[in-house]
Structures are given as structure tokens and as C-alpha cells.
Number of protein chains: 2
Amino acid sequence: MGYSIGQVSKKTGLTTHTLRYYEKEGLLPFVKKSGSGLRVFTDVDLGWLSMIECLKESGMPLKGIKQYIDWYQEGDSTLGKRLDMFKKQKENLEAEMQKLQKHLARINYKIKLYEKAVKIGSFEKAQADAELTRIRKELF
Amino acid sequence: MGYSIGQVSKKTGLTTHTLRYYEKEGLLPFVKKSGSGLRVFTDVDLGWLSMIECLKESGMPLKGIKQYIDWYQEGDSTLGKRLDMFKKQKENLEAEMQKLQKHLARINYKIKLYEKAVKIGSFEKAQADAELTRIRKELF
DNA sequence: AAACATTTTAGAGATAACTCTAAGTCGAAA
DNA sequence: TTTCGACTTAGAGTTATCTCTAAAATGTTT
């Protein structure tokens, strides 16, 4: 019930290079090797890779993720540190999402503006449009 | 009615190094120079810097932003391309935000788990808790 | 005018996160 | 048993985005 590095690559979308790189960086200390030196991934390992993806895409650098994994390996004495880390990550992520929300509103305005501009063939004239001027004022 | 690079650095939070780098990369073609060669930023330039920040934080690489600025400089013949770019960026951003939403749910679960774990002093036992097991099942 | 802060350029260096290469080993299929 | 694709390691190379340095010019303050 184990997977080769190639199989894990297909499952996760990470290249075999990246998986080895993650291991070298200390992110996969739990992955075992077969007698002849081949990596053998388990479903538990896939779970860890999924958590790594979650934290990475949430904006945590690989070093931060490694720290978390190191704490996990240390056992229950680091429970508080791990809790703090997740709380901080939640703060970061919520702040990030609010920022993205604002950026999205701005991009939506740009889409309206350019739809009008394309329709009338002029950026200048589209910008002078009453409704777009109203939205723009609302936005800033 | 103009700002020095240092003033713009304070206003935007970007270092003077970064501002010069952006210019070198073609992101600030509208910034003028004084007779003696000093950069003079205007409020219009600050507006562009704000748009650059918006696109960058929305996940667009500097090259993509440069492309947009180049199109802008080309005039109304590129209106369609710019509209497409913003539409695509909207798609990307909405997909990104949905992903972050999922990651946030997972992190919230982890916070609950670790709060319980800290309380009882054991990760294993916290994981076995009925409510946490329920939430975990909901999550995957 | 002297002193000192700010800006200029070209180019080198740093950092994170991959990405690839080479030379060899392993394992499944014909 | 040969063949061939997948795997191994160590280490070099790449990309994006800064970040810094040095030496000279400019701007500001006293």
C-alpha cells in the first residue's frame, strides 16, 4: 500500500524534482525508503503533502512549514506553538482575503470601464461616462 | 506638484530600489525626469503604482503588468486586449479566493483541534474527540 | 560656501522555490 | 536475460523579485 515518487507526482501535480526538493528541505521527514533506496509514500504522506499545499498556498514559506513539521515531530510539548502558528496563519489569511476582495472590486470596475470603452471605441470617453464616474468615486 | 523618489517610497511603502527596478522593467514609462535627471513623480504616477500593486497582489507577474502598461500606451487599438486581460484576471482571482476559502476552513479546523489538544495536553486524544472527528469528516 | 542628505547609474548579490543534468541503479515486462 | 522506463544522488542552473554597493552628481540647510 505504498506509492512511488512518480505516482505521487501524478496524484499531487508536483514534479518528482519538487518532491525530492521538499524532502531535502525537511518537509517530508516521514517518507520511508525501500530496502534498495526507493522512496515509498503512504496515504498518510499524501495527507501531509495536502497540508503542505494548504499552508504554502495560504502564503507560508517553506521554512515556516518546516518549522511546523519539526514541532509536530517533537510531540505534545509543542502543542501551544503549533496552535499559535495556526492562529497567526488565520489572521494573515483573513487579511489577505480582504485585500483580494478590494482588488477584485477594482478589477470589476476596470471590466465595466473597458466594456464601455470597447463599445464606443474610446478609453477617454468611457472614463467620462456618468455611471463609471460614480462607481470610481465609490471605489476610492 | 511633484514627488521625489524618496517621498514616493514613503507614500507607497516600496523602497527607492524597488521603484527604480520597476522603472527599469518598463512599469513606469510615464515618470518624468527633471532637467538635472531626478525622477519627478506626479499623482497620476501614484495612481499607476496603486494599480500595479493591485495587479501584483492579485497574482499577476511584473511581466504581465508591463504588457498591460504597454497596451495602455499603444492607445485605443488595444482596448479589447486590455478588457480580456482584466476578465482573465478576474477569473484567476476568484479561483484563488475560493481556494483560500477552503484553506481557511481547514486552518479553522486545525485551530479547534489544537485548542482541544492544548487543553487536554494530547494531540492524539484531541483527534479522537467526537466533535472534531465530525468536523474533519465534513471537511474531506 | 561648507556640510550633509538625497538622488543618479550600472551592475553585483540575495532569496525563495524550483528545475534540470549526469551518471549510475532498480524493477517490471518481453 | 535483456531492455527500458522509473528511480537514485549531488550539485549546477533558472526565474522572479527584489536588494544592495560604489562613486559621482544634485539639492538643502546653516
Could you encode protein contacts along nucleotides 18-30 of chain C as a string, one character per nucleotide from 5' to 3', using B for base contact, S for sugar-phosphate-only contact and - for no contact, with a heavy-atom cut-off of under 4.0 Å?
BBBB----SS---
Any residue meeting side-chain hydrogen bond (donor to acceptor under 3.5 Å, both in side chains) with Gln101(B), in chain and number order, not counting sequence neighbours:
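side-chain hydrogen bond (donor to acceptor under 3.5 Å, both in side chains) list for Gln101(B), sorted by chain: empty.
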Only counting residues at least two apart or in another chain, list the ones meeting side-chain hydrogen bond (donor to acceptor under 3.5 Å, both in side chains) with Trp71(A).
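Trp71(A): no side-chain hydrogen bond (donor to acceptor under 3.5 Å, both in side chains) contacts found.
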Where the side chain of [X] meets the backbone of [Y], is there a donor-acceptor pair that is under 3.5 Å apart?
X: Gln7(B); Y: Ser4(B); result: yes
X: Thr15(B); Y: Thr18(B); result: yes
X: Arg82(B); Y: Lys110(A); result: no

By salt bridge (Lys or Arg N to Asp or Glu O under 4.0 Å) - contacts of Asp76(A) (at least two apart)
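Expected list: none.
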Quick one: salt bridge (Lys or Arg N to Asp or Glu O under 4.0 Å) partners of Lys32(A), sequence neighbours excluded?
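For Lys32(A) there are no salt bridge (Lys or Arg N to Asp or Glu O under 4.0 Å) partners, ignoring immediate neighbours.
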Segment of DNA chain D, first to last nucleotide, that comes within the 4.0 Å heavy-atom reach of chain B:
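Taking any atom under 4.0 Å from a heavy atom of chain B, the span is dA16(D) to dG27(D).
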Whole Å only: how far is the [atom1] atom of [X] from the [atom2] atom of [N]?
X: Met60(A); N: dA16(C); atom1: CE; atom2: P; result: 15 Å
X: Tyr3(B); N: dT7(C); atom1: OH; atom2: P; result: 15 Å
X: Lys63(A); N: dA16(C); atom1: NZ; atom2: C1'; result: 8 Å

In terms of side-chain geometry, is the basic nitrogen of Lys99(B) or Glu96(B) positioned less than 4.0 Å from the acidic oxygen of its partner?
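Yes.
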